[in-house]
Amino acid sequence: MSDHFPLDRRSLLFGGASLALTSLAPNIAWATSLGGNPFTLGVAAGDPWPDGFVIWTRLALAPLGENGGMAMAAYPVRYEVAEDEHFRRIVRQGDVLARPEMGHSVHVELAGLQPSRPYHYRFFTGSEASPHGIARTAPAISAQVDRVRIALAGCQNYEQGLYTAYRHLAQEDAVDAVFHYGDYIYEGRAREGAIRPHVGDEIYTISDYRRRYAQYKSDPDLQAAHASAAFIMSFDDHEVDNNWAANIDQDLTPPEYFAYRRAAAFQAWYENLPVRRSQLPKANHVQMYRRLDYGRSLRMHVLDTRQYRTDQICGATGRETRPCSTAPLASGSILGAAQETWLGEGLSSAHQWNLLAQQVMVMPLLYPEQRAAGRFNMDSWSGYPTSRQKLVQQIKERNLSNVVIATGDVHSHHAGHLPSIEGDFNSPAAATEFVATSISSAGNGKEGTRRWGNMAQENPHCLLNLDKRGYQILDFEEKQLVAKIQVVDEVEAAGGHVRKAAKFHVDNRNPQLNSI
Ligand code: FE
Ligand code: CA
């Protein structure tokens, strides 16, 4: 079903609804004057494919007000897509409805565009215009591409820091897409002393989640990042609740009750992000895992490490002092059987690179403070060693040397190797993993060894441990990958600067990280 509706442009612009039209769509807000500009949450694009991408916006005259300050009616929204920034060469346009059922959001899937080129887009409703966004289509399926530039970003706790890293990311040159590894919002209540506190209590209902997204999305640096490139969205835990696993939350709420909260969270996730219609929640499920191809260069497998996982053992962190059996580790799964099979079907040497774009660390990481207990982060793949061994086996069976993993979650930069033998950090690498830090979560952080001491000695397979905010830029070229680790010096006050903290390259015939 399309969101387009069969009205001609004049009836929209002049409010000339005929009887026939109003009976087709009885609850349309026809007013041409809204009393303000409702594009307060910016615009966004997502999931590029060779002839299009998603464009998104959401109307909110008063982002933090009841129903975003909008009437509970459908608003006609016009979109325009152009080859040039002045919108002289418009190549696509149309009318859609921003429906109250969907928080007055619109998602348009564009088609018929040229591959491998940037397009400009904008929206109108009544007499009001949105800011402009820009996004690039993916290359044609069989195209040989010199470079695909993917940025990694996520973990953007609004209370703990400014989005200065996003402002710098928005200025990066020629980004094909930003992979977002989750924690786009955080669900907690307002904390005293926060740099900019959340509005309201911990979030549970659809109105709560909508308002939380509205608060986050009001940020101009986040809007600038969205306007600068398409985002490939996923979600991790905080879009719903800390450390949730399938139908289980961390407070052990009966699953039949937690299901209501999760449904509200999923709906708000869809409404607020530039995702495809195939990601519209159905029966309290989001089809989040999916593939995106960039010519012959890159196949991106976006994974879902939340919806199908078995529950974490030992209270997720592994730091709990209560006695805890590790016996369930062997039977646990982080992807679930169906997704694991799907991943195996799509992993091949048909592309120069395979990128597993996902949420929580795959390679083991032993924090010195956990050494005595021998415990890892049970919310990461380390809590699901059977799944990790299965992944290594899938890579080996296919003889792949071109698997790269992109991760977030831990609020620090890491880069390392996924060991091919479980439990042996010095075994040959099965894949390389780039763990991007947070945009703002955990505040300024500290270079050096604040929490870590001899981290490097404990983890010979991990070449980078850096507790600062920022993002990463991965350039996939025909034979090599170049990774740039970007760090922002200050997020607790305005004006932070960005700098390159490290750089690596990887050859796609040998999954070995090299510092440059
Ligand atoms: Fe986070
Ligand atoms: Ca997380």
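Just so you know, ligand 1 is whichever comes first in the structure, and atom 1 is the first atom listed for that ligand. Values reported hereafter were calculated over all heavy atoms of this structure, with side chains retained and with hydrogens, waters and symmetry mates removed.
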Original post:
Which atom, among the N/O/S set of D409, is closest to the Ca ion (ligand 2)?
Top reply: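 Nearest N/O/S atom: OD1.
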**OP:** Would you verify whether the NZ or CZ of K390 falls within 45 degrees of the ring axis of W381 while also being under 6.0 Å from that six-membered ring's centre?
**Re:** no
Subject >> R196 to Y158, cation-pi by 6.0 Å centre distance and 45° axis angle >> reply: yes
Subject >> the Fe ion (ligand 1) reached by S441 (N, O or S, under 2.8 Å) >> reply: no
**OP:** Output the distance between atom CH2 (W56) and atom CG (N272), rounded to the nearest 0.5 Å.
**Re:**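 Between W56 CH2 and N272 CG, I get 5.5 Å after rounding to 0.5 Å.
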**OP:** Measure the OG-CD1 distance between S420 and I395 for me, rounded to the nearest 0.5 Å.
**Re:**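 Result: 10.0 Å between the selected atoms.
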Original post:
Angle subtended at the Fe ion (ligand 1) by SG of C155 and OD2 of D183, to 10 degrees?
Top reply: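 C155 SG and D183 OD2 form an angle of 100° at the Fe ion (ligand 1).
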**OP:** Could you tell me whether the Ca ion (ligand 2) has an N, O or S atom of D183 under 3.0 Å away?
**Re:**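 Coordinating: yes.
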**OP:** Please work out the angle at the Ca ion (ligand 2) defined by atom OD1 of D237 on one side and atom OD2 of D236 on the other, rounded to 10°.
**Re:**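 It is 80°, given to the nearest 10°.
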Original post:
Under 4.5 Å between any side-chain heavy atoms of I232 and R290, yes or no?
Top reply: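 In short, these two side chains touch, coming nearer than 4.5 Å.
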